[in-house]
> 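Got a structure for you, questions after.
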Amino acid sequence: MKQFIFYILLFVSCAGIAQVKFEAQASREKLGVNERLRVDFTMNQDGDNFNPPDFRGFKVIGGPNQSISQSFVNGKRSFQKKYSYFLQPNGRGNFNIGQATIEIEGQTYKTPPVAVEVTAAVDKPTDGSNPEIIAADNIHLVAEISNRTPYLNEGIAVKYKLYFSPQINIRQWYPKDNPKYADFWSQNIDIKQLNVKEDLYRGDPYQYVVIRETVLYPQKTGKLTIEPLVLSVPVSVPSDRRDIFGRRLSETVDQTVSSNHQTIDVKSLPAAGKPANFTGAVGSFNFNVTNSKDVLDATESLQIKLQVSGNGNLKLFQLPKLNVPASLEIYEPEHQEQVSTNLNGMHGRITDSYTLVPQLKGKYPINPVSFSYFDPRSESYKTITSKEILLNVENGPTTTTTAPVASSGKESSTKQAVASASSQFKYIQLDANLKPIDQPAFFKSVAFWSALVTPLLLIPIGIFTGKKRKSLIADAAGNTSKKADKLARKYLSEAKNSLGDQKKFYEALERALHNYLKAKLSIKTGEMSKDKVKTLLAERSVQPATTTSFIEILESCELARYTPTSNVEMQKDYDKAKKTISELDKQL
């Protein structure tokens with residue numbers, strides 16, 4: 001009986017385990033040489049290290065486009081992940097699309113080959129107007145690297161350009177997967193304004209936008225990989241449908257684009273000629289040592305600053321240390337960085353400021369300080385040495401010498417006594433703090449009764465003041481909300497009057513949306529991020545569709561600053577904003 005139950009449980013558990021499916025499917029088995037083919041690689045469980053076939057006989061004109069869908073129906077979870085490629089035949093013939101591989105839970109799965117026949121060109125290609133293929137053909141993300149063979153800790157710039165042809169229209173994009181830069185010190189450069197420019201992409205006229213700029217400092221030597229940036233881009237492409245006036249209508253498809261994996265070869269810093277005091281500085285630098293004064297008195301402080309300025313990895317190395325005579329009291333340095341970063345790397349200055357206090361009268365030399373760095377332009381090490389600093393302490397205790405004391409049978413000895421400066425922080429007390437002998441008692445005096453009764457009189461005054469203050473705050477909040485709501489309606493009306501003038505229209509529309517949120521959600525303009533707005537609207541039980549519509553209008557306003565748009569699009573955005581504000585009024 002026990003064995004029977006065991007087999008039943010084993011059968012149920014095995015039946016409950018989802019079987020892994022990894023399949024390849026072509027959009028057609030036969031096509032003309034002037035047509036295009038779509039191949040989908042689909043799996044029902046998430047995997048790693050997807051490796052496509054080499055697509056021999058075809059040219060990849062789009063992809064990989066990645067999509068994920070999952071659902072829960074009657075307590076059962078379904079999952080699908082898909083990689084899509086768009087292919088163009090290189091010539092006629094019979095071809096096999098090879099096997100793709102994926103790793104799922106430690107096991108490698110392969111797709112079966114897919115047979116495709118390519119015939120002579122057809123008169124009317126059936127996929128020429130496929131929106132997904134048009135989008136894949138006309139949008140590309142390119143990563144440009146300033147230097148592919150840098151030295152260790154030498155800065156390089158990565159510029160991401162989004163190319164799109166005049167046949168399509170894009171207005172926004174969303175990061176889908178950001179590179180990690182695991183082996184680099186990295187910093188993104190703020191792009192204050194996105195500008196659309198024209199250039200050639202593979203010989204064809206394109207427009208492009210620089211969407212991201214990043215500075216990298218490699219922290220390892222050898223071949224390092226820069227991961228791709230992946231974007232999700234809604235692309236508006238022309239369709240076969242036309243309006244009543246015969247004009248072609250557009251269709252929006254979501255396109256995933258990514259830059260390629262980039263590899264750089266990082267060179268080691270040369271061992272020959274490396275100074276002993278080299279701490280990793282790479283770039284072009286100046287080095288200065290300055291002191292605030294040369295002449296001073298004992299127990300008087302001065303500052304000595306060690307400063308490195310120039311262009312290079314300023315945040316990635318240490319300044320040399322300052323060595324002083326034992327008679328000078330020295331404190332830990334105050335470190336300051338005034339460094340900014342652009343596509344040329346870090347530039348500015350870093351400073352260590354030392355405070356010194358001499359204890360005795362005399363002259364004290366501060367030895368020269370040396371700073372070494374590697375210059376990639378000359379491919380050599382350079383050392384800068386400061387000049388000697390001489391401090392003259394004029395007033396203060398001095399060292400004293402006792403007279404020699406002779407003792408029979410022994411040589412005379414001399415001892416030096418150092419003057420004590422232990423009283424340097426004692427001061428003369430100027431206030432004697434005397435009190436009169438015949439001083440009246442405080443108990444039952446006028447001051448005593450005043451101190452006793454005054455707090456009781458202040459209680460009703462405090463209650464009245466508190467109520468008045470709450471009333472004023474409530475009135476102020478209400479007035480602010482009414483004022484913001486009034487401004488929202490005003491700017492919405494101003495946007496309507498500015499239809500046709502893209503800049504004025506979207507500025508007025510954005511101000512209307514912001515003032516409306518300030519009125520309804522009681523938030524400040526500085527707190528008005530998209531995530532914050534989504535959270536607050538969700539807390540107020542606003543429908544997700546209304547929230548999404550509101551966010552889309554905000555994004556349209558942002559993208560209209562640098563992307564041209566038509567009067568029809570402006571009218572659509574105005575109608576959408578008016579409808580969305582009306583819906584929010586009902587739900588808030």
Side-chain angles (χ1 to χ4, degrees), residues 275-281 285-310 314-315 317-339 347-373 382-436:
N277 64 339
F278 177 72
T279 59
F285 302 107
N286 293 315
F287 178 62
N288 291 299
V289 178
T290 59
N291 53 308
S292 59
K293 57 185 73 174
D294 295 323
V295 180
L296 68 164
D297 294 335
T299 71
E300 184 181 349
S301 64
L302 77 150
Q303 281 73 41
I304 294 183
K305 294 183 179 181
L306 279 64
Q307 185 178 92
V308 172
S309 60
L314 286 164
K315 296 183 179 181
F317 63 85
Q318 293 182 345
L319 288 172
K321 298 296 183 182
L322 180 68
N323 295 318
V324 300
S327 298
L328 297 177
E329 187 175 356
I330 184 170
Y331 295 89
E332 285 296 319
E334 178 186 357
H335 185 74
Q336 295 179 334
E337 294 181 352
Q338 295 175 299
V339 180
H347 60 91
R349 57 180 177 269
I350 57 174
T351 306
D352 277 351
S353 181
Y354 292 85
T355 298
L356 278 67
V357 180
Q359 302 299 315
L360 303 172
K361 179 180 178 180
K363 293 185 178 182
Y364 301 95
I366 307 295
N367 293 331
V369 183
S370 296
F371 169 71
S372 298
Y373 66 94
K382 295 184 179 180
T383 300
I384 304 175
T385 303
S386 66
K387 296 180 180 179
E388 181 185 81
I389 298 175
L390 182 62
L391 300 181
N392 186 10
V393 182
E394 294 184 335
N395 299 313
T398 60
T399 56
T400 59
T401 305
T402 60
V405 179
S407 58
S408 60
K410 295 183 181 179
E411 297 180 356
S412 62
S413 62
T414 303
K415 295 183 180 180
Q416 289 186 335
V418 179
S420 173
S422 60
S423 61
Q424 59 182 306
F425 297 109
K426 294 183 179 179
Y427 302 93
I428 300 174
Q429 188 173 358
L430 302 178
D431 188 2
N433 197 22
L434 301 176
K435 297 180 180 179

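Residue numbers count from 1 along this sequence.
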> With heavy-atom distances below 4.5 Å as the criterion, would you say the side chains of Phe285 and Ser309 are in contact?
no

> For the CD atom on Gln318, are there more than 12 heavy atoms of other groups (residues, nucleotides or ligands in this structure) within a distance under 6.0 Å?
no

> Check the angle between the aromatic planes of Phe371 and Phe317 and answer parallel, tilted or perpendicular using the 30° and 60° thresholds.
tilted

> Kindly determine whether Val339 and Ile350 satisfy side-chain contact (heavy atoms from CB on, under 4.5 Å), including the steps that lead there.
CA-CA 7 Å; Val339 180; Ile350 57 174; 4.0 Å; yes

> Check whether any side-chain heavy atom of Gln303 lies under 4.5 Å from a side-chain heavy atom of Tyr354, and answer yes or no.
no

> Drop me the distance from Glu329's CD to Gln359's CD, to the nearest 0.5 angstrom.
5.0 Å

> Could you go through Tyr364 and Leu390, starting from their C-alpha distance and side-chain angles, then the distance that decides it, and tell me whether this counts as side-chain contact (heavy atoms from CB on, under 4.5 Å)?
CA-CA 6 Å; Tyr364 301 95; Leu390 182 62; 5.9 Å; no

> Could you grab the distance from atom CG of Leu356 to atom CG of Leu322, nearest 0.5 Å is fine?
6.5 Å

> Sequence neighbours left out, what passes ring pair (Phe, Tyr, Trp, His ring centres under 6.0 Å) with Phe278? Give chain and number order.
Tyr381

> Dump the intermediate steps for side-chain contact (heavy atoms from CB on, under 4.5 Å) on Val369 and Phe287, then the final yes or no.
CA-CA 10 Å; Val369 183; Phe287 178 62; 3.9 Å; yes

> Looking at side-chain heavy atoms only, is the closest gap between Ser372 and Thr279 below 4.5 Å?
no

> What are the two closest non-hydrogen atoms of Gly348 and Leu314, and how far apart are they?
N-CD1, 3.5 Å

> Which value, rounded to the nearest 0.5 Å, describes the distance between Leu391 atom CG and Lys293 atom NZ?
10.5 Å

> Can you name the one residue among Gln336, Glu334, His335, Gln307 that meets side-chain hydrogen bond (donor to acceptor under 3.5 Å, both in side chains) with Thr351?
Gln307

> Show the numbers, then the answer: is there a side-chain contact (heavy atoms from CB on, under 4.5 Å) between Asp294 and Asn392?
CA-CA 6 Å; Asp294 295 323; Asn392 186 10; over 6 Å; no

> Please say which of Thr290, Val289, Asn288 ends up in a side-chain contact (heavy atoms from CB on, under 4.5 Å) with Lys305.
Thr290

> Give the intermediate values and the outcome of salt bridge (Lys or Arg N to Asp or Glu O under 4.0 Å) for residues Arg349 and Glu337.
CA-CA 6 Å; Arg349 57 180 177 269; Glu337 294 181 352; over 6 Å; no

> Does any part of the side chain of Val295, heavy atoms only, come nearer than 4.5 Å to the side chain of Glu394, both counted from C-beta?
yes

> Using 0.5 Å steps for rounding, measure from the CD1 atom of Ile304 to the CD1 atom of Ile330.
7.5 Å

> Taking C-beta and beyond as the side chain, do Val357 and Leu328 meet within less than 4.5 Å on heavy atoms?
no

> By side chain to side chain donor-acceptor pair (under 3.5 Å), which residues pair with Asn323, not counting sequence neighbours?
none

> Quick one: pull up CG in Asn395 and CG in Leu296 and give me the separation to the nearest 0.5 Å.
10.0 Å

> Check Ala298 against Val393 and note the closest heavy-atom contact, atom names and distance.
N-CG1, 3.4 Å

> Hey, could you give me the CG/OG distance between Asn277 and Ser370, rounded to the nearest 0.5 Å?
6.0 Å

